[in-house]
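Below is one structure, written out as structure tokens, with a few remarks after it.
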Amino acid sequence: MASASAPSRDDHLVGTLNRRPALREATSDDRPSSKRDAVLLGATSFCGDGVYDIAGRFLGWLDELVLDTYSGRIAYALMSGGGFLGTEFFAIPWSAITVDRVYRRCVIKIDLERLIDAPGLDGDLLPRMADPDWATKVHAYYGCEPYWE
């Protein structure tokens with residue numbers, strides 16, 4: 001039997017909603033970096049990570065990055081979050097996302113209340129994201145330039 005002072009398996013989750021996550025370990029040596037040094041992360045390193053607003057509040061999880069195969073650009077980050085009827089999915093235009101270089105996480109300039117009213121992804125996700133009318137509305141909603149322009 002564990003003692004009362006021993007940490008619980010879930011203690012790391014207590015009070016994490018508004019707390020910044022721990023820094024990720026650097027994957028390079030400890031050389032001083034210059035502005036020209038590239039810090040590269042694999043796309044899968046973000047999958048399953050939290051997505052936050054600019055105030056540091058948790059919004060959901062990044063499930064995958066969606067590529068436009070014609071341009072080779074990242075078009076959207078597919079984010080999931082809890083809703084009243086279960087998991088909801090949001091296609092966030094990649095140009096609306098910044099990467100927090102310190103914590104290496106995705107940050108979007110939108111608050112939870114505005115995110116809830118974002119254009120939905122009813123039905124098949126990828127065909128919906130490929131619809132030019134829907135894509136134009138989504139980019140306008142997030143206040144960013146469409147990736148194809």
For P93 against Y142, the heavy-atom pair lying closest together: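 That would be CD-CD1, 3.4 Å.
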R57 versus D111, closest heavy-atom pair with distance: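 Here R57 and D111 meet closest at NH2-CB, 3.9 Å.
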Spacing of CH2 belonging to W61 relative to CG belonging to D63, to within rounding of 0.5 Å: 9.5 Å
Rounded distance (nearest 0.5 Å) linking atom CD1 of I97 with atom SG of C106: 5.0 Å
Residues in side-chain hydrogen bond (donor to acceptor under 3.5 Å, both in side chains) contact with D68, at least two apart in sequence or another chain: Y147
Can you check whether [X] reaches [Y] side chain to side chain, under 4.5 Å on heavy atoms?
X: V51; Y: F90; answer: no
X: I92; Y: L115; answer: yes
X: D53; Y: I110; answer: no
X: I116; Y: E88; answer: no
X: W148; Y: H139; answer: yes

Set of residues satisfying side-chain contact (heavy atoms from CB on, under 4.5 Å) with respect to I74, sequence neighbours excluded: L65, L67, W94
All pairs passing side-chain hydrogen bond (donor to acceptor under 3.5 Å, both in side chains) where residues 112-121 contributes a residue, at least two apart: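 Listed by first then second residue: R114-Y141.
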Quick one: side chains of residues 129-137, donor-acceptor pairs under 3.5 Å with protein atoms, not counting sequence neighbours, listed by atom name and distance.
unit_1: D131; atom_1: OD1; unit_2: D133; atom_2: N; d: 3.4
unit_1: W134; atom_1: NE1; unit_2: G120; atom_2: O; d: 3.0
unit_1: T136; atom_1: OG1; unit_2: P132; atom_2: O; d: 2.8

Pair D100-Y52, side-chain contact (heavy atoms from CB on, under 4.5 Å): steps then yes or no: CA-CA 10 Å; D100 181 332; Y52 296 81; over 6 Å; no
